[in-house]
Amino acid sequence: MRPAPGDIVYAYRKTKPPSRRLLSLRLGLQHTVLRLNPMSVLDEHGNDWIEVLPVPHGVLDTVLDPDAVVLIPVADVAGHKESLPPEVLDVLLDVLDDGEPPWPTLREALGRGGGPTPVR
């Protein structure tokens, strides 16, 4: 499954892609993550990696810290949960690109900028 930017998906967060694991079983904890941009990276083994932000406390209450952004293999994406509206994703990406500490949550960033208020 290949998520689009703004999709919140369930994914396995492991250090190696499935093609490089000794035992490639689909076991492990699934975490909710948010895909950030449409770009992906291919490694030397042909594995496709995408940039995601873990959202363990729900999207609105996740701290928008650029250091929390991680790469995961597309093959480790397990299922779709929901999608953010494009205008909310734009606010989130602006904070990740231009924000300064202390990092706000998405709820705080939307409140400051007078942007759209998400449904949840």
Side-chain angles (χ1 to χ4, degrees):
M1 173 188 178
R2 177 174 280 288
D7 282 354
I8 300 164
V9 296
Y10 298 103
Y12 299 101
R13 290 184 48 206
K14 299 188 177 191
T15 56
K16 292 181 182 176
S19 66
R20 301 233 8 253
R21 294 183 196 139
L22 184 59
L23 184 59
S24 186
L25 295 176
R26 300 283 290 191
L27 298 176
L29 294 176
Q30 293 180 8
H31 302 272
T32 51
V33 295
L34 169 68
R35 174 135 191 220
L36 296 176
N37 61 40
M39 305 280 284
S40 64
V41 178
L42 283 176
D43 66 12
E44 66 273 4
H45 303 285
N47 298 300
D48 200 9
W49 295 75
I50 56 174
E51 226 176 30
V52 298
L53 176 68
V55 288
H57 307 293
V59 178
L60 292 178
D61 297 321
T62 297
V63 176
L64 302 179
D65 181 359
D67 294 332
V69 174
V70 295
L71 288 172
I72 64 166
V74 172
D76 281 349
V77 174
H80 186 268
K81 181 178 180 186
E82 60 186 316
S83 297
L84 287 181
E87 51 278 349
V88 174
L89 180 62
D90 290 341
V91 170
L92 185 143
L93 292 174
D94 286 345
V95 171
L96 287 174
D97 289 340
D98 304 327
E100 295 181 10
W103 308 112
T105 62
L106 182 56
R107 186 184 314 273
E108 294 166 350
L110 289 170
R112 276 192 233 157
T117 305
V119 177
R120 298 200 311 135

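Small disclaimer: the values here were computed from a predicted structure and weren't measured.
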What's the separation between atom [atom1] in [X] and atom [atom2] in [Y], rounded to the nearest 0.5 Å?
X     : Y     : atom1 : atom2 : result
Ser40 : Leu71 : OG    : CG    : 10.0 Å
Lys81 : Leu34 : NZ    : CG    : 11.0 Å
Ile50 : Arg35 : CD1   : CZ    : 4.5 Å

Less than 4.5 Å apart, side chain to side chain, heavy atoms only: is that true for [X] and [Y]?
X     : Y      : value
Pro56 : Thr62  : yes
Val33 : Val9   : yes
Tyr12 : Leu29  : no
Ile8  : Val55  : yes
Leu64 : Thr105 : no
Asp65 : Leu53  : no

All side chain to side chain contact (heavy atoms under 4.5 Å, CB included) counterparts of [X], not counting sequence neighbours:
X      : answer
Ala4   : Asp7
Val70  : Arg13, Val52, Pro54, Ile72
Pro101 : Trp103

* Asked: In terms of heavy-atom contacts, does NE2 of His80 have more than 12 from other residues, nucleotides or ligands at under 6.0 Å?
  -> yes

* Can you tell me which residue pairs pass the salt bridge (charged side-chain N to carboxylate O under 4.0 Å, His left out) test with a partner in residues 50-64, sequence neighbours excluded? => Asp61-Arg107

* side chain to side chain contact (heavy atoms under 4.5 Å, CB included) assessment of Trp49 paired with Val74 -> CA-CA 6 Å; Trp49 295 75; Val74 172; over 6 Å; no

* Co-members of Leu42 in a cluster of I, L, V, M, F, W and Y side chains, linked at under 4.5 Å ->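 Leu42 clusters with nothing; isolated.
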
* Asked: Under a single-linkage rule joining Ile, Leu, Val, Met, Phe, Trp and Tyr whose side-chain heavy atoms are separated by less than 4.5 Å, which residues share a cluster with Tyr10?
  -> none

For residues 88-98, run the donor-acceptor check on the side chains, cut-off 3.5 Å, and write out each pair with its distance to 0.1 Å, sequence neighbours left out.
none

